[in-house]
Every structure is written in C-alpha cells, then in structure tokens.
Colleague: 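Next up is a structure, given as structure tokens.
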Amino acid sequence: MHDVKLSDGVVTLSPPRLDDVDKHLAGEDELLVRWLSGGPGSREGTEVYFRHCLEQWETRGPLPAFGICVAAGSTLAGYIDLRFDVAGLAPGQVNISYGLYPAWRGQGLVTRAVRLICQYAAAEGVAQGVIRVDPENSRSAAVARRSGFTYDKRVPEADGNQCDWYVRSLTDKVDLPPM
C-alpha cells in the first residue's frame, strides 16, 4: 500500500517516508505547532510518528497519512491525513487534517491537497469529509471553504478548546472553482 500516489500535476500526495523526518522537522514552525501538534517535534518523536503512519498503511488502519510534495513529487511541502477515529465522527465521516511548511503557504497547495484527498476518500467509500478548525485559524477555514466545505457547527473538544466543523459530501458532485 506504500505505493499510493495522488497527483493533480502540481501537488503529489504519497505516504510519508522515514527519510522525510529531517525535512519535516526543518519545515515545522510556530503555526504548525500551534494549530496541529501542540508542541515542537523531536527527531525521535517524529520518527516514531512516521513509523506509526507507515504501519497504518500496512494494516489499513484509521490514519492514512500523506506527504504533500511539489516539484514533481521531489520536495516535501507539508502533510495531510485522514483520521477515521476522531471523537464525534459519525459512520461514513472522516476528519481531514493538514499542515504546510512556511515557504509553501499562500500558493493554493493545501487546497489542491484537500481536493485530492477527498477524491481518494470518496473512492474508499467515505460519504462525508470533516475539517475541524480552531475558530482563530482563518486561513485553515478559508482552505476548507475553497475546497467545497461548509460550516456546520462549533464543537467543544476534549481538551476544552472549541473547533468549528466544516463538512462536505464526498458522494455528491461539488462544483469547485478552478485552481
């Protein structure tokens, strides 16, 4: 299953590789820590996480993760994943999480990645995508909207923080603006 590659000609998504650990750590910044990981990554911790992601691919577990690459798939620009085991998801729903390294932000790459991963999730039988966004993260909410998601509700998370849920049917045709 490690040979999964999705591409629109600009962005390529493929499972993470252990040799991406240093690239990931080099790209991590305050915003990735704030919105996604909750703390700076270490080499050891990131390697453990990447191994876990690869194991998820081997076992078809609830966390298919992808590196977001540009330049014909050779440059790691961030990551995106599907999470089937997020509290509050209904059967047929999947959470989509993403993060882009600073040098690659503002170019529409995450929107392209979300569109690709939605196609993948739909082909895997998922009915609805969910993007959970901290209400203060306006850029992530904008990605959700550009990718055809609409605001659904504000939900308290287990840690006490609030998340806005954006949802999109993956079974209905959605007219998206061109990239």
Colleague: Run the numbers on Arg51 and Glu58 for salt bridge (Lys or Arg N to Asp or Glu O under 4.0 Å), then give the verdict.
Modeller: CA-CA 11 Å; Arg51 286 184 195 282; Glu58 291 293 329; over 6 Å; no

Colleague: Take Val114 and Thr111 through the test side-chain contact (heavy atoms from CB on, under 4.5 Å) and record every step on the way to the result.
Modeller: CA-CA 5 Å; Val114 169; Thr111 301; 5.8 Å; no

Colleague: What is the distance from atom CZ of Arg154 to atom CD of Gln162, rounded to the nearest 0.5 Å?
Modeller: 6.5 Å

Colleague: Can you measure from SG (Cys69) to CG (Leu76) and round to the nearest 0.5 angstrom?
Modeller: 5.0 Å

Colleague: Which heavy atom of Pro64 sits nearest a heavy atom of Pro62, and at what distance?
Modeller: CD-C, 3.6 Å

Colleague: CG of Leu54 to CG of Leu18: how many Å apart, nearest 0.5 Å?
Modeller: 5.5 Å

Colleague: Which is it for Val130 and Val94 under the side-chain contact (heavy atoms from CB on, under 4.5 Å) test, yes or no, and what are the steps along the way?
Modeller: CA-CA 6 Å; Val130 176; Val94 67; over 6 Å; no

Colleague: Is the closest basic N to carboxylate O distance between Glu28 and Lys23 below 4.0 Å?
Modeller: no

Colleague: Is there a path of hydrophobic side-chain contacts, each under 4.5 Å between heavy atoms, that joins Tyr151 and Phe149?
Modeller: yes

Colleague: Taking a hydrophobic cluster as the set of Ile, Leu, Val, Met, Phe, Trp and Tyr residues connected by side-chain heavy atoms closer than 4.5 Å, whether directly or through intermediates, do Ile96 and Leu89 fall within one such cluster?
Modeller: no

Colleague: Just checking, is any N or O donor in the side chain of Ser147 or Arg115 under 3.5 Å from an acceptor N or O on the other one?
Modeller: no

Colleague: Might you point out which heavy atoms bring Arg17 and Phe50 nearest each other, and give the distance in Å?
Modeller: O-CD2, 3.4 Å

Colleague: Keeping the roles fixed (side chain from Asn137, backbone from Asp134), state whether a donor-acceptor pair exists under 3.5 Å.
Modeller: no

Colleague: Nearest 0.5 Å, please: how far is CD1 in Ile68 from OG1 in Thr75?
Modeller: 13.5 Å

Colleague: Check for a donor-acceptor pair, side chain of Gln93 on one end and backbone N or O of Ala90 on the other, with a separation under 3.5 Å.
Modeller: yes

Colleague: Start with the C-alpha gap between Tyr166 and Arg132, add the side-chain angles, then the distance that decides, and say whether side-chain contact (heavy atoms from CB on, under 4.5 Å) holds.
Modeller: CA-CA 6 Å; Tyr166 291 81; Arg132 297 169 24 251; over 6 Å; no

Colleague: Using a 4.5 Å cut-off on heavy atoms from C-beta on, say whether the side chain of Cys53 contacts that of Tyr79.
Modeller: no

Colleague: If hydrophobic clusters are built from ILVMFWY residues whose side chains come within less than 4.5 Å, do Val70 and Ile80 share one?
Modeller: yes

Colleague: Check whether the side chains of Tyr98 and Ser140 place a donor and an acceptor atom closer than 3.5 Å, and report yes or no.
Modeller: yes

Colleague: To check you understand the geometry: which heavy-atom pair defines the closest contact between Gly92 and Val126, and what is its length?
Modeller: O-CG1, 3.4 Å

Colleague: So how far is it from Arg112 CZ to Leu13 CG, rounded to the nearest 0.5 Å?
Modeller: 11.5 Å

Colleague: Taking Leu63's backbone N and O only, do any of them form a donor-acceptor pair with Gln56's side chain (distance below 3.5 Å, no angle check)?
Modeller: yes

Colleague: Between Arg105 (side chain only) and Leu100 (backbone N and O only), is there a donor and an acceptor less than 3.5 Å apart?
Modeller: yes

Colleague: State which residues pass side-chain contact (heavy atoms from CB on, under 4.5 Å) with Arg43; sequence neighbours excluded, sorted by chain then number.
Modeller: Val21, Asp22, Leu25, Glu47

Colleague: Looking at every heavy atom in both Val133 and Ala141, which two are closest together, and how far apart are they?
Modeller: CG1-N, 3.9 Å

Colleague: Under the salt bridge (Lys or Arg N to Asp or Glu O under 4.0 Å) rule, what pairs show up with a residue in residues 83-99, not counting sequence neighbours?
Modeller: Asp81-Arg83

Colleague: Treat each ILVMFWY residue as a node, draw an edge where side-chain heavy atoms are under 4.5 Å apart, and state whether Val110 and Val10 are in one component.
Modeller: yes

Colleague: Between Asn95 and Ser97, do the side chains contain an N or O donor and an N or O acceptor separated by less than 3.5 Å?
Modeller: yes

Colleague: Could you check Asp152 against Asp164 for side-chain contact (heavy atoms from CB on, under 4.5 Å), going step by step and ending with a plain yes or no?
Modeller: CA-CA 7 Å; Asp152 183 46; Asp164 290 341; over 6 Å; no

Colleague: Please say yes or no: joined through hydrophobic side-chain contacts below 4.5 Å, possibly via intermediate residues, are Leu6 and Leu170 part of one cluster?
Modeller: yes

Colleague: Is any side-chain heavy atom of Trp165 closer than 4.5 Å to one of Thr150?
Modeller: no

Colleague: Looking only at heavy atoms, which two atoms of Arg168 and Cys118 are closest? And how far apart?
Modeller: NH1-SG, 3.7 Å

Colleague: Assess the pair Trp57 and Phe66: is the distance between their ring centroids shorter than 6.0 Å?
Modeller: yes

Colleague: Are the side chains of Ser14 and Lys5 in contact, using a 4.5 Å heavy-atom criterion?
Modeller: yes

Colleague: How far does SG of Cys163 sit from CD of Glu157, to the nearest 0.5 angstrom?
Modeller: 4.0 Å

